[in-house]
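Note sheet for the following structure.
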2 protein chains.
Amino acid sequence: MKGLTDKQSKIYDFISECQRENGYPPTQAEIRDHFRFASLNAVRSHLVLIEKKGYIRLNFGKARGIKLSSSPKLLIRKTKESIPLLGRISAGVPIWAEQHFEDFLPIPPSMFGGRELFALHVCGDSMIGAGIRNGDIAVIKKQDWVERGEIAAVLIDQEVTLKRVFLSADSLLLKSENPDFEDLKYLKKNSDFIRILGRYQGIVRTRNNRYRT
Amino acid sequence: MKGLTDKQSKIYDFISECQRENGYPPTQAEIRDHFRFASLNAVRSHLVLIEKKGYIRLNFGKARGIKLSSSPKLLIRKTKESIPLLGRISAGVPIWAEQHFEDFLPIPPSMFGGRELFALHVCGDSMIGAGIRNGDIAVIKKQDWVERGEIAAVLIDQEVTLKRVFLSADSLLLKSENPDFEDLKYLKKNSDFIRILGRYQGIVRTRNNRYRT
DNA sequence: TTTTATACTGCTTATTATATCAGTATTAAT
DNA sequence: ATTAATACTGATATAATAAGCAGTATAAAA
């Protein structure tokens with residue numbers, strides 16, 4: 001099965017979000033409004049494509065006839081109901097590469113609302129203002145962009161950190177939530193060694209952050 | 001909340017079934033067909049009554065606008081690998097009583113190191129210094145004591161809160177981790193309405209702390 | 001370069017669903 | 001015995017929603 005494009009992915013996520021929120025899927029018009037499309041057809045054609053890729057099933061003609069496919073083909077093979085915990089990330093190697101897998105959190109990904117989730121140990125207290133502390137396990141949704149101001153896992157020179165990301169025309173601003181840390185600013189052109197790994201979805205904090213799978 | 005009549009119960013079950021089966025609720029016409037009603041009004045009047053009793057919420061005017069109210073015992077089966085999320089705790093009733101169960105976190109208790117765990121929604125920011133924020137789900141190990149200075153879930157006059165507990169010879173001191181909150185001190189002899197429910201084991205924080213089991 | 005897939009606008013029509021009005025019959029509770 | 005609440009039939013108006021047709025623009029693939 002092919003992957004979704006960015007736009008398709010956003011639409012899928014919105015549907016998924018509605019589903020969780022309301023217990024039923026959105027109508028095409030609701031999707032249109034959310035994405036500020038002028039036309040229903042924009043929605044429609046997307047849905048058809050997303051269906052073709054197998055992520056949803058359209059109940060043609062019926063109101064709110066969007067069904068999320070039961071197994072949104074996670075790339076996780078070990079166990080279906082778990083989130084891979086990544087260890088050290090090597091720059092250059094795709095994060096999804098198996099060599100990074102350190103462990104698996106025995107938590108169904110649906111709990112954190114998404115496909116393609118992974119988890120990381122949080123090092124340092126740079127996001128303490130957001131209630132994220134050293135040693136926590138952060139759950140991240142794999143994607144290479146985030147909305148302005150969202151918290152993302154960012155790869156900076158071999159190191160992964162969580163930061164709030166503000167992307168502007170020519171630069172990338174990474175803000176910590178701790179007055180002791182300075183903001184980082186990168187010009188876009190020489191930001192080769194910066195990489196957004198995914199969007200912060202939440203945390204799990206156990207007494208020692210160790211467990212058995 | 002009053003109980004449903006037989007017929008209402010069957011209709012509720014059908015809705016619930018559709019929900020599980022299709023991912024979205026049935027239309028009124030689908031309900032009619034399933035029960036071989038001749039009239040849509042039969043359905044409608046039932047729905048209105050079921051809503052009045054609080055088991056569903058009707059999104060008037062919208063297609064498939066039936067939302068199942070989270071009705072724990074009916075919808076969710078307890079599995080060994082889950083942690084019960086308790087709703088409102090009634091003083092006097094043992095916390096382990098089923099009536100308190102609101103939902104189940106699909107997380108194996110072993111992950112938080114123990115049997116007899118339960119979870120609670122955190123209200124307020126009194127423990128923000130410990131990185132526990134309003135809306136988080138706190139995982140608690142059921143026990144009626146804690147070590148000096150540990151964080152516990154404490155029942156104070158109907159309300160459950162997390163506090164650091166310091167027990168001395170004749171008094172019980174409850175400390176918040178937020179300068180805006182005052183410490184609470186109770187003399188042992190009149191601490192009848194204080195009850196330690198368990199020891200804080202950790203937290204789970206998802207985007208909206210809602211999920212489907 | 002041509003083709004193909006994606007990402008849309010705008011308008012119209014057909015269908016699906018819900019709301020509402022007007023009744024009847026049955027049972028449980030004053 | 002009378003009132004409520006429940007459990008329906010039937011018909012119709014209206015709104016909510018999806019489908020269809022005809023296009024434009026852009027980027028990626030062949």
How long is the line joining OH of A:Y24 and P of C:dT18, in whole Å? 11 Å
Choosing from C:dT20, C:dA7, D:dT6, which nucleotide comes nearest the side chain of B:R44? C:dT20
Taking five pairs at each end of the helix from C:dT1-D:dA30 to C:dT30-D:dA1, what angle separates the two helix axes (nearest 10°)? 40°
Just to confirm, is there a sub-4.0 Å distance from OP1 or OP2 of C:dC8 to any side-chain nitrogen or oxygen of A:K7? yes
A:H46 vs C:dA7: side-chain N/O to OP1/OP2 distance below 4.0 Å: yes
CG of B:L47 versus C1' of D:dT6: gap in Å, rounded? 14 Å
Phosphate contact (C:dA17 OP1 or OP2) by B:R64 side-chain N/O below 4.0 Å: yes
Looking only at D:dG10, D:dA7, D:dA16, the nucleotide nearest the B:Q8 side chain is D:dA7
With heavy atoms under 4.0 Å as the rule, sort B:L40 into base, sugar-phosphate or nothing. base
Measuring to OP1 and OP2 of D:dA16, would you say a side-chain N or O of A:Q28 lies under 4.0 angstrom away? no
Non-hydrogen side-chain atoms of B:I56 and B:L58 separated by less than 4.5 Å: yes
Expressed as a whole number of angstroms, how long is the span from A:E30:CD to D:dA16:C1'? 10 Å
Considering every strand and a 4.0 Å limit on heavy-atom distances, what is the contact class for A:A63: base, sugar-phosphate, or nothing? sugar-phosphate
Where does the angle between the aromatic ring planes of A:H34 and A:F14 fall among parallel (under 30°), tilted (30 to 60°) and perpendicular (over 60°)? parallel
Quick one: on DNA chain C, does A:N41 or B:N59 contact a more 5' nucleotide (nearest heavy atom)? A:N41
Rounding to 0.5 Å, atoms CD (A:Q201) and CD1 (A:I83) come to a distance of 9.5 Å
B:L58 CG - D:dA15 P separation (whole Å): 19 Å
Heavy atoms of B:S126 and B:K163 approach each other most closely as OG-NZ, 3.4 Å
Pick base, sugar-phosphate or nothing for B:A38, based on heavy-atom distances below 4.0 Å to the nucleic acid. sugar-phosphate
Minimum side-chain heavy-atom gap A:D180-A:I128 below 4.5 Å: no
Look only at the side chain of A:R133 and the backbone of B:A130, and say whether a donor-acceptor pair between them is shorter than 3.5 Å. yes
Using the side-chain heavy atoms of B:F37, tell me which of these nucleotides is nearest: C:dT9, C:dA17, D:dT9. D:dT9
Measure the distance from CD on B:E51 to P on C:dT18 and round it to the nearest whole Å. 14 Å
Can you check the A:K10 NZ to C:dT6 C1' distance for me, whole Å? 15 Å
Starting at atom CZ of A:R36, determine the distance to atom P of C:dC8, rounded to an integer number of angstrom. 14 Å
Return the value, rounded to whole Å, for the distance between atom CG of A:L49 and atom C1' of C:dC8. 12 Å
Where A:N59 and B:Y24 come nearest, the two heavy atoms and their spacing: ND2-OH, 2.8 Å
Are more than 12 heavy atoms, taken from residues, nucleotides or ligands other than B:Q143, located less than 6.0 Å from that residue's CD atom? yes
